[in-house]
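Quick caveat, the model's predicted, so the values are computed rather than measured. We're numbering straight along the sequence, starting at 1.
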Amino acid sequence: MKHILQQSLVMGLCALFMGCSTNVTHAKNKTIETVAQNLTCDKVDKKIARALKQSFETSGYNYANNSTTDYDKTETANQSVASILTSYTQQADSIACQFPHSVKEGLLFKTSDDKRFRAYTWDENTGGTMHFYSALVQYIDDDGNSHGLYEASLLNEDKESTNQVAGRLYDLATIHAAKQTYGSPIYVLASHAIGSNIDRAITIKLFQINNDSLNNPNLIKTRTRYTDEISFSYDASSLYVNKINRQLFEFNSSDNSFSFPVVLASDKFYSGEVTKKRIVYRFDGQYFKRVKN
C-alpha cells in the first residue's frame, strides 16, 4: 500500500501558526498593545479565563444551555483573548506565567526548555465537528525583549478568504544541539488539526530565534527537498482498530530525534490508516534527516 506522508494538511490548511512563511515576525499592533500592559500574571489570567468561558458559554458547543448561544459574543470573546494575550506577551516576565485559571477554561500552552519560546492555542468554539483554533507564539529575542504573535486567521475577513485553521497544540521539543551550528536552539512544534470526528492531521514545524526575529528554518531534509515542516493526515478510527497507543509525535532528547507513525492509504480508512511502524528524523548537527530502518 502507498505511504501517504503529506506536506500539507488534509483540510487544505497551511501549517501551524502564521502559515508557511520563512519568517514569522510581525509588526506590533499598536491598537492592542496597551490592553494588558503592566498587569500582573494573576489579573491577566483571570481576564483571559473570563473571555474563554464566555466564548464557550455563548457557542454552539454549550449543549447544556443552548439558549445562551450568541455567535457575535463568541467572536468578541475570542478577540478579547487574542488582544489581552498579545498585549501581555510583550512583557518579558509573562513567559513565566502559568495561567492556572485560563488553563481550566481551555487555554493550552507549552514552553521551551530555555524559557525563550512558548506556544498557546485555544478553541474558538465556532465550528462543529471541525474545530477552529486560534494560536499565538511568544519568543524572547536576543536583547531580552518579548514578542507575542497571534495567527492572522483569527480575523473574520482572513477566515473567510483563506479558511486557515491553526491546529491544537500537541507538543514542543527544544533542540539545544543546534546552538553549536546555528547559534541558537531549534524548537520543534507539533499541532493537531481536527477536521471532523475522524479526519485529523498532525503538523511538525520548526522555529528558531535569530536576533530580534522568529524564523522557520528549512532544516528538515526529506527525499525531495529541504523544508521547515512535515505533516500527515489520518483517520482517527484507525487508532482504535489498530490499537495504536503511542503518541503521534514523540521526541527523544537522548539523540535529538522525533518520530511519527507511518500512515497508509486505505479503502477502509479514507483519511489514512495509522500503523505501528514509525518514521524517525534525527538532527545530525546540521539537518533533520530520516533514519533508515
Visitor: If you compare all heavy atoms of D123 against all heavy atoms of H131, which two are closest, and at what distance to 0.1 Å?
Guide: OD2-ND1, 2.6 Å
Visitor: Check the surroundings of atom CG in D267: do more than 12 heavy atoms from other residues, nucleotides or ligands lie under 6.0 Å from it?
Guide: no
Visitor: When you measure from the side chain of R200 to the backbone N and O of A236, does any donor-acceptor pair fall under 3.5 Å?
Guide: no
Visitor: When the aromatic ring centroids of Y170 and F249 are compared, is their separation below 6.0 Å?
Guide: no
Visitor: Just wondering, do V263 and S233 contact through their side chains at under 4.5 Å, heavy atoms?
Guide: no
Visitor: Decide whether D45 and S102 meet the rule of one side-chain donor and one side-chain acceptor closer than 3.5 Å.
Guide: yes
Visitor: Side chains of T40 and D42 only: does a donor on one sit below 3.5 Å from an acceptor on the other?
Guide: no
Visitor: Does I279 belong to the same Ile/Leu/Val/Met/Phe/Trp/Tyr cluster as I244, with side-chain heavy atoms less than 4.5 Å apart forming each link?
Guide: yes
Visitor: Does T76 use its side chain to pair, donor to acceptor, with the backbone of D72 at less than 3.5 Å?
Guide: yes
Visitor: List the atom of F232, the atom of P261, and the distance in Å for their closest heavy-atom pair.
Guide: CZ-CD, 3.9 Å
Visitor: Okay, side chain of T203, backbone of S191: is any donor-acceptor separation there less than 3.5 Å?
Guide: no
Visitor: Counting the benzene-type ring for Trp, do F288 and F258 have ring centres under 6.0 Å apart?
Guide: yes
Visitor: Can you name the nearest heavy-atom pair linking L172 to S112, along with the distance?
Guide: CD2-N, 3.5 Å
Visitor: What pairs with K179 under side chain to side chain donor-acceptor pair (under 3.5 Å), at least two apart in sequence or on another chain?
Guide: none
Visitor: Any chance you could measure S196, atom OG, to M130, atom CE, to the nearest 0.5 Å?
Guide: 9.0 Å
Visitor: Any side-chain donor-acceptor pair under 3.5 Å between T58 and T74?
Guide: yes
Visitor: Show every disulfide bond (SG atoms under 2.5 Å apart) that has at least one partner inside residues 38-68, sequence neighbours left out.
Guide: C41-C97
Visitor: Identify the heavy atoms of T126 and Y61 that sit nearest to each other, and give their distance.
Guide: N-CE1, 4.3 Å
Visitor: Less than 3.5 Å apart, any donor N or O on the side chain of E273 or N242 sitting next to an acceptor on the other?
Guide: yes
Visitor: Hey, is D142 close enough to R116 for a salt bridge, meaning N to O under 4.0 Å?
Guide: yes
Visitor: Do Y133 and L169 have side chains that get closer than 4.5 Å, going by heavy atoms?
Guide: no
Visitor: Under the rule for side chain to side chain donor-acceptor pair (under 3.5 Å), what residues qualify as partners of D255, not counting sequence neighbours?
Guide: S257, R282
Visitor: For P217 versus L206, what's the shortest heavy-atom pair and its separation?
Guide: O-CD1, 3.6 Å
